[in-house]
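Worksheet: the structure to be examined is printed underneath.
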Amino acid sequence: EEEIKQLRDILQESHQRVCFSAVVATVFNFSQLLSKGCRVVHYTGHGLPDGNLAFENERGELFGFERSTLRNLLKSTEGMMPKLVFVAACHSQAAGDAFVEAGVPHVVAVRLDSKVLDEEAIKFSRLFYERLLSGESVQSAFQVADSMVQANRVRHAAAEQRGADDDHGSQFMLLPQNNAVPSHDEVIFPRDPSSKKAFVDETPPLPVNHCDFPPKPFVARHLELYNIFRNFVEDNRCVTAIGCRGIGKTVLAHRAAVHLQQRNIFCRILSLDLRPDGETLRTVRSKMGDLIGHRELVVRAFAMVLENAL
């Protein structure tokens with residue numbers, strides 16, 4: 001979420017006429033974006049050791065987007081090829097090569113033997129897009145962002161009084177390399193002082209979610225998160241998280257609510273804390289009715305998060 005928010009902020013602050021859309025990485029959503037003829041595709045996620053990108057299927061399960069499928073999909077766009085693809089994922093060089101083979105002229109990727117921390121990737125992408133949107137070429141924007149991230153890495157190593165040998169060298173790549181044609185001197189967002197600034201967010205609206213946003217970072221609960229999501233996708237009407245007091249059930253439930261919201265599984269996600277008054281079944285029903293509304297209860301699909309129910 002932080003990287004998406006950063007991209008949106010950078011685009012809003014730029015003096016460019018741009019449209020923005022953030023969607024879950026599925027093959028269908030990717031095909032829809034390509035059909036609109038977008039100039040830039042930014043993928044943020046995970047690169048798999050076999051060179052594939054981690055997408056999701058309709059059940060929210062991990063789907064390895066194979067390089068051959070990626071190439072075929074891009075080549076079928078018929079003149080709607082993106083000018084730039086940014087693959088913000090570890091070990092994304094192989095996927096970057098697939099984009100190049102399909103005809104994308106400029107691809108930013110991470111070296112196959114490198115694992116870039118999220119914080120570093122976010123910093124690099126901010127610097128890169130700020131330069132790109134100010135009217136600089138792809139090559140210039142990449143060089144500035146890469147140099148500043150490398151310098152910051154060396155400073156941190158010196159401050160921690162440790163050797164920086166393993167940190168030297170760029171972990172990011174601008175493909176294709178070796179003086180390939182076309183040149184990376186292309187300016188994707190020309191600076192036009194006469195053009196009026198216009199930012200349009202075409203991201204599909206998300207359903208209302210009344211749960212608190214879970215704290216960051218959210219770690220070591222991804223298997224439980226997936227199991228909750230899978231049960232809802234399989235049309236189970238009630239999913240219960242059970243555990244010792246203070247183990248993190250509420251945080252897990254709130255994170256699951258965000259996951260469900262981002263994938264539009266329900267039209268509304270409501271939250272009801274049962275702890276304060278020692279609720280009875282009758283008062284629970286009454287509060288649920290107040291939150292939902294009788295008409296909405298009949299005609300709309302919703303999710304209810306009950307906290308401290310047991």
Side-chain angles (χ1 to χ4, degrees), residues 3-4 7-8 10-12 14-45 47 51-58 63-89 92-110 125 128-129 131-142 173-177 180-192 195-205 263-264:
E3 189 168 359
I4 293 173
L7 288 173
R8 184 182 283 110
I10 293 171
L11 291 170
Q12 286 179 319
S14 73
H15 293 277
Q16 299 286 348
R17 298 178 62 86
V18 291
C19 295
F20 172 81
S21 181
V23 294
V24 176
T26 65
V27 175
F28 176 78
N29 287 340
F30 185 52
S31 301
Q32 290 289 99
L33 288 177
L34 292 178
S35 67
K36 293 180 179 180
C38 54
R39 281 184 285 179
V40 178
V41 173
H42 184 100
Y43 169 88
T44 176
N52 297 331
L53 293 177
F55 272 48
E56 290 185 13
N57 62 16
E58 65 279 0
F63 169 76
F65 199 3
E66 297 182 355
R67 295 177 60 182
S68 58
T69 306
L70 177 64
R71 284 195 302 269
N72 293 336
L73 179 60
L74 284 164
K75 288 181 177 179
S76 68
T77 56
E78 298 181 358
M80 308 291 278
M81 186 75 69
K83 289 183 175 293
L84 167 71
V85 173
F86 192 127
V87 191
S92 59
Q93 180 180 349
D97 289 336
F99 281 109
V100 171
E101 292 167 9
V104 177
H106 314 289
V107 179
V108 177
V110 178
S125 64
F128 176 75
Y129 282 117
R131 295 282 178 164
L132 194 70
L133 289 161
S134 68
E136 294 190 21
S137 68
V138 177
Q139 182 73 53
S140 175
F142 179 86
M173 305 180 67
L174 180 56
L175 305 172
Q177 295 181 319
V181 177
S183 167
H184 294 305
D185 290 334
E186 181 180 4
V187 175
I188 296 179
F189 296 98
R191 188 76 170 183
D192 183 3
S195 176
K196 291 186 178 180
K197 174 181 174 181
F199 172 78
V200 179
D201 193 343
E202 295 183 346
T203 301
R263 287 149 184 83
N264 284 281

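- Looking at every heavy atom in both residues, Ala98 comes nearest to Leu70 through CB-CD2, 3.9 Å.
- His106 has its side chain out of reach of Pro82: every pair of non-hydrogen atoms, C-beta onward, lies at least 4.5 Å apart.
- Distance alone, capped at 3.5 Å, is enough to place a donor-acceptor pair between the Asn72 side chain and the Ser68 backbone.
- Under a 3.5 Å cut-off, the side chain of Ser92 and the backbone N or O of Val110 do form a donor-acceptor pair.
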| task | With side-chain contact (heavy atoms from CB on, under 4.5 Å) as the test, would you mind laying out the steps for Phe142 and Val108 before giving the verdict? | result | CA-CA 8 Å; Phe142 179 86; Val108 177; 4.2 Å; yes
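- For the pair Arg8 and Thr203, the minimum side-chain heavy-atom distance is below 4.5 Å.
- Looking at Ser183 and Pro105, their side chains never come closer than 4.5 Å, going by heavy atoms from C-beta outward.
- Residues Met81 and Leu74 are in side-chain contact: their nearest non-hydrogen atoms beyond the backbone lie under 4.5 Å apart.
- Leu73 and Phe65 get closest at one heavy-atom pair: CD2-CZ, 3.9 Å.
- Side-chain contact between Leu132 and Leu84 is present, with heavy atoms from C-beta onward closer than 4.5 Å.
- Counting heavy atoms from C-beta on, the side chains of Leu34 and Met80 never come closer than 4.5 Å.
- Shortest non-hydrogen contact noted between Tyr43 and Ala54 is OH-O, 2.7 Å.
- Taking the six-membered ring where the residue is Trp, Tyr129 and His42 present tilted rings, their angle falling between 30° and 60°.
- Counting heavy atoms from C-beta on, the side chains of Phe55 and Asn29 never come closer than 4.5 Å.
- The 12-atom threshold is not exceeded at CZ of Arg131, counting heavy atoms of other residues, nucleotides or ligands nearer than 6.0 Å.
- Scanning all heavy atoms of the two residues, the minimum distance from Arg263 to Glu56 falls at NH2-OE2, 2.7 Å.
- To the nearest 0.5 angstrom, Thr69 atom OG1 is 11.5 Å from Phe30 atom CZ.
- Proximity of Asp201 to Phe20: side-chain heavy atoms (C-beta onward) are separated by under 4.5 Å at one or more points.
- When atom types are taken as modelled, the side chain of Glu3 and the backbone of Thr44 share no donor-acceptor pair closer than 3.5 angstrom.
- Each of Asp97, Val100, Val41, Val138 was checked for a side-chain contact (heavy atoms from CB on, under 4.5 Å) with Val107, and the lone residue meeting it is Val100.
- When the shell of 6.0 Å around CZ of Phe199 is examined, it contains more than 12 heavy atoms from other residues, nucleotides or ligands.
- Closest of all the heavy-atom pairs between Gly135 and Val187 is O-CG1, 3.4 Å.
- In this structure a side-chain-to-backbone donor-acceptor pair under 3.5 Å is present from Arg67 to Ala94.
- Residues Ser21 and Pro204 share a closest heavy-atom pair of OG-CD, 4.2 Å.
- Here the CG-CZ distance, from Leu11 to Phe189, works out to 7.0 Å after rounding to the nearest 0.5 Å.
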